[in-house]
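Data block below; observations after.
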Amino acid sequence: MSKRQDLSVKQKCDLLKSYDVLPKISLRDAAARLNVSHCTLYRILKNRSNIERAIIDNESDSRKRKRSGKEEVVDKALKEWFLQVRKKDARINGPLLRQKAEDLAKKMGKDDFVATEGWFQRWKKRENISFIKTHGEQGEADFSSAQSWFKTHWTNLLSQYSPSDIFNANETGLYFRALPEHTYALKIDKAKGAKTSKERLTIMCCVSMNGEKRKLMVIGKSQNPRCFKGVKTLPVDYKANKNAWMTAAIFKDWLINWDKVLNRNILLLIDNCPAHIIDCINLRHIKVIFLPANTTSIIQPCDQGIICTFKAYYRSAIRGKVLAVIDNGLHDASCSLQANDIAKKITILDAIHLVKEAWNKVSEETIRNCFRHGGFKTDNKTDDEHEYSLPEKPVDLSDELYGDWVDVDSHLDVAEIQTEEEICNAVMNPQTIERANTDDEEENSEAPLAPPSNKNIVEALSVLRRAVQHRADEIGFEQHYSYENMVMELLDAKKQTSIDKYFK
């Protein structure tokens, strides 16, 4: 019987790199070439995502086996708390960590636990945590880590995947009813001040290096908003939880569903968001690579202008929608409505359609340029230009005010920040799955409109035909023909369904 080989994390990563450049051969032949046993190579490949995640999570690369302390749940809870507060650049010392370990232990019913100096030193060694002198500004981007990552990883990854198979996904918060806080008014007018609406959604964007855009995921607070009543399909994937955040459960579900429909292997680049947990899932076609910590602001493609462009188009659309209501007298003329009052009537369903339209306008060229600007290049040419097309800026807004409006929600958390109680519960009950909130939409939302009757639809088509006839050119009329035919087919399908039920 051959002796079991215990390899360090670094040795396992090196082995994976060597395996990746081998020709397509059997696992047994690959093990022979790499001078390891068949079982060892199988285990390493099976746990590949966890091994690569260990390096990204700064675990000791010399570690051979994952050893836990006398209270494993306390170890895990303290590590989660530590990672969470360090993301906020909080200064933490040894006595504070030892006290926090005892506090967390008590919350989990471990009243006899004592964080001795010996336990603390062993915990630090296991988690590869060291005491350093902090410097620089809070949140300062780590340029050296970014450069190192490109030198050691990018060339190898590019040799395995074509640009069409390299994707980046990232979430962003969206105040979906937000309008500019400033407006022009006559000096005699008393423009009523209004605060920015804080009703939010979380949007996850996913794009490929050659410009492909995946279907958006939108996360709201309500599983079944009133405005969804009677709606058959949505142009996005919609999920919900009480805070409209990305969660580990939602992210895993998204990954698994995407993996099921893929017929090719792809590479997915993501950041170290707390919700991006891929443990315990086996993906056949998606290889997940985590970008180095504290580098996403300078290399993550979605952060280089893709999300900014998307939001600029969304803001333009919502402003246009409000102005159309005002200019065309679609609101109650007897009421002195402000623009923000009109915006408050925008439902989640309205926002989803505006989100989809804005995403459609983000060009492939913009996406390719943002990948290139982040450093994801297929050649050694310098990045001379970094352009992305934006909608025309409103003339009544300065560059500064317009920028503030587009970025008004850039600070929003997109993943759950756990309390100490939630950390302890997650560690003690890892199988707990968060239930989605099934409450209705916000109280100030109006009841959904009843679906239009066939008569209403035909009358509306007649009005639209006259409008196109008076305002459009020949190309516009051809487009209207196509739209009319699509609507009439929907009506015929509805009639057919109604007749069929009598013959069952």
Side-chain angles (χ1 to χ4, degrees), residues 171-185 191-205 216-229 231 234-236 238-246 307-328 330-332 335-361 391 393-394 396-397 401-414 437 439-449:
E171 300 89 352
T172 183
L174 179 72
Y175 287 149
F176 67 90
R177 290 171 174 158
L179 290 176
E181 291 187 341
H182 298 75
T183 180
Y184 280 120
K192 184 174 69 174
K195 294 183 178 179
T196 299
S197 172
K198 298 296 174 62
E199 295 297 332
R200 65 162 292 168
L201 299 168
T202 292
I203 316 294
M204 186 168 77
C205 308
L216 290 175
M217 177 186 285
V218 176
I219 305 171
K221 293 181 179 179
S222 303
Q223 184 67 49
N224 298 299
R226 288 197 294 271
C227 58
F228 282 11
K229 186 176 181 180
V231 174
L234 294 172
V236 301
Y238 182 80
K239 302 291 181 180
N241 62 73
K242 61 183 180 181
N243 293 307
W245 280 336
M246 174 61 78
I307 288 176
C308 177
T309 303
F310 157 71
K311 285 191 174 182
Y313 279 115
Y314 180 85
R315 304 288 186 221
S316 177
I318 191 174
R319 191 174 192 268
K321 185 177 179 70
V322 170
L323 289 176
V325 171
I326 296 172
D327 292 344
N328 295 297
L330 300 178
H331 63 288
D332 187 350
C335 299
S336 56
L337 279 180
Q338 301 288 320
N340 278 282
D341 295 322
I342 299 172
K344 286 178 182 177
K345 296 181 180 295
I346 293 174
T347 66
I348 291 177
L349 184 60
D350 295 330
I352 283 175
H353 285 293
L354 294 176
V355 159
K356 172 62 175 173
E357 291 179 45
W359 189 232
N360 287 345
K361 292 178 181 178
K393 181 179 71 68
D396 59 331
L397 291 177
L401 292 178
Y402 179 67
D404 289 344
W405 178 38
V406 171
D407 294 332
V408 66
D409 40 29
S410 60
H411 66 284
L412 285 179
D413 288 324
V414 295
N437 186 8
D439 293 341
D440 280 341
E441 202 176 327
E442 300 81 14
E443 293 181 2
N444 61 354
S445 294
E446 296 182 345
L449 297 173

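Owing to the predicted nature of the structure, the values given are computational and were not obtained by experimental measurement.
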Mind telling me whether Y402 and W405 have parallel, tilted or perpendicular rings, with 30° and 60° as the class edges? perpendicular
R200 with D413: basic N within carboxylate O range, under 4.0 Å: no
Looking at side-chain heavy atoms only, is the closest gap between Q223 and N241 below 4.5 Å? no
Y238 and F228: CA distance, side-chain angles, deciding distance, ring pair (Phe, Tyr, Trp, His ring centres under 6.0 Å) verdict: CA-CA 11 Å; Y238 182 80; F228 282 11; 5.1 Å; yes
How about V231 and L349: do any of their side-chain heavy atoms sit closer than 4.5 Å? yes
Heavy-atom side-chain contact between L401 and P180 under 4.5 Å: no
Verdict with reasoning, I352 to L216, per side chain to side chain contact (heavy atoms under 4.5 Å, CB included): CA-CA 10 Å; I352 283 175; L216 290 175; over 6 Å; no
Exactly one of L234, T202, V236, L174 should register a side chain to side chain contact (heavy atoms under 4.5 Å, CB included) with V218. Which one does? V236
With sequence neighbours left out, the residues meeting side chain to side chain contact (heavy atoms under 4.5 Å, CB included) with D404 are E400
Salt-bridge test for K311 and D409: reply yes if a basic N is under 4.0 Å from a carboxylate O, no otherwise. yes
Between E199 and F176, does the side chain to side chain contact (heavy atoms under 4.5 Å, CB included) criterion hold? Intermediate values first, please. CA-CA 6 Å; E199 295 297 332; F176 67 90; 3.7 Å; yes
Run the side chain to side chain contact (heavy atoms under 4.5 Å, CB included) check on L412 and Y175 step by step: do they pass? CA-CA 9 Å; L412 285 179; Y175 287 149; 3.3 Å; yes
